[in-house]
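Throughout, numbering of the chain's residues begins at 1 and tracks the sequence. Keep in mind it's a predicted model, so treat the numbers as computed, not measured. Values below: every heavy atom of this structure, side chains too, minus hydrogens, waters and symmetry copies.
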Amino acid sequence: PYNIGRLMQRKPALRPCTPAGVITLLDSVGTPYKGQHAVIVGASNIVGRPMCMELLLKGATTTVCHRFTDNLEKFVSEADILVAAVGKPGIIKGEWVKPGATVIDVGINAKDDATKKLGYRLVGDCDFKSCKKVAGKMTPVPGGVGPMTIAILLQNTLEGAARSYGVSEQLGLKK
């Protein structure tokens, strides 16, 4: 609650790992935010809500969709930046995606696959093949957002430890 409160006040302390990882990914490919419509599908406390704040702080106009949203396709089709974090495999279809949109698939779902050693494969919330044909940029599942979440977790661990020992400034970390 403390960190979310700080994020809401534009003074983030330790940022939520997955949303911060998504922002790092978007920044790394030069994604513009101002004037862009960002749509987040999923309103969880872990990803959806803090993702909305991260994108708002970057200057994007944001819409959060959730299980009670009627006509999800309409909202998805308007997104310049789409973040899918609902936990339903393949819920986002390629024909819904705005041509050229940046699509970030946070979902990680096990789908039965007898050809795999474990009997399943990991898939995202987006139907990757159809979305990739339309999107300008798109993250894969697995291997997209997951590694960024881990990287931010490690960064937060370092920052938290540095703060507790009073050495943040010496390490070049923000206060």
Side-chain angles (χ1 to χ4, degrees), residues 1 3-109 122-149 151-152 155-156:
N3 289 326
I4 291 295
R6 297 273 311 209
L7 180 63
M8 297 290 281
Q9 295 174 343
R10 297 177 181 245
K11 301 174 187 175
L14 297 178
R15 294 165 60 207
C17 296
T18 300
V22 168
I23 293 296
T24 301
L25 279 170
L26 292 171
D27 286 347
S28 74
V29 295
T31 303
Y33 299 99
K34 293 181 173 99
Q36 300 297 295
H37 184 194
V39 175
I40 300 116
V41 181
S44 72
N45 289 335
I46 302 296
V47 178
R49 292 174 189 180
M51 189 77 252
C52 176
M53 283 310 304
E54 290 278 0
L55 289 163
L56 278 171
L57 292 173
K58 287 287 196 172
T61 300
T62 61
T63 300
V64 179
C65 300
H66 46 74
R67 63 184 170 149
F68 302 114
T69 300
D70 287 330
N71 200 3
L72 180 61
E73 178 181 351
K74 173 191 173 295
F75 292 99
V76 170
S77 70
E78 296 171 352
D80 300 303
I81 302 167
L82 174 65
V83 180
V86 72
K88 293 191 178 193
I91 191 171
I92 307 296
K93 311 293 182 217
E95 57 268 18
W96 297 6
V97 174
K98 181 178 182 177
T102 299
V103 178
I104 306 294
D105 194 345
V106 177
I108 187 129
N109 310 283
L122 297 177
V123 298
D125 290 346
C126 299
D127 177 62
F128 186 81
K129 287 182 182 176
S130 65
C131 290
K132 183 65 179 153
K133 290 178 183 175
V134 183
K137 297 178 184 88
M138 183 168 179
T139 59
V141 174
V145 174
M148 292 307 303
T149 298
I152 299 299
Q155 180 180 337
N156 280 352

Please name the pair of heavy atoms, one in [X] and one in [Y], separated by the smallest distance, quoted to 0.1 Å.
{"X": "E78", "Y": "H37", "result": "O-ND1, 3.4 Å"}
{"X": "D80", "Y": "Q36", "result": "CB-OE1, 3.1 Å"}
{"X": "P16", "Y": "I46", "result": "CB-O, 4.4 Å"}
{"X": "H66", "Y": "A43", "result": "CB-CB, 4.0 Å"}
{"X": "V134", "Y": "G94", "result": "CG2-O, 3.6 Å"}
{"X": "C65", "Y": "V39", "result": "SG-CG1, 3.9 Å"}

Partner of C126 by side-chain contact (heavy atoms from CB on, under 4.5 Å), out of I104, V141, V103: V103

Are [X] and [Y] side-chain neighbours, meaning at least one heavy-atom pair lies under 4.5 Å?
{"X": "V22", "Y": "E54", "value": "no"}
{"X": "P50", "Y": "I4", "value": "yes"}
{"X": "D125", "Y": "V41", "value": "no"}
{"X": "D127", "Y": "W96", "value": "no"}
{"X": "D27", "Y": "Y33", "value": "yes"}
{"X": "V64", "Y": "R49", "value": "no"}
{"X": "L57", "Y": "I23", "value": "no"}
{"X": "V106", "Y": "T149", "value": "no"}

At what distance, to the nearest 0.5 angstrom, does NZ of K137 lie from NZ of K132? 9.5 Å

Pairwise distance CG(L25) to CE(M148) - rounded to 0.5 angstrom: 4.5 Å

Say whether, by atom type as modelled, one donor and one acceptor occur between the side chain of [X] and the main chain of [Y] under 3.5 angstrom.
{"X": "N3", "Y": "R15", "result": "no"}
{"X": "D105", "Y": "T139", "result": "no"}
{"X": "T69", "Y": "L72", "result": "no"}

Between L26 and L55, is a side chain to side chain contact (heavy atoms under 4.5 Å, CB included) present by the stated rule, with each step listed? CA-CA 10 Å; L26 292 171; L55 289 163; 4.2 Å; yes

Is it the case that over 12 heavy atoms from other parts of the model lie below 6.0 angstrom from the CG atom of N71? yes

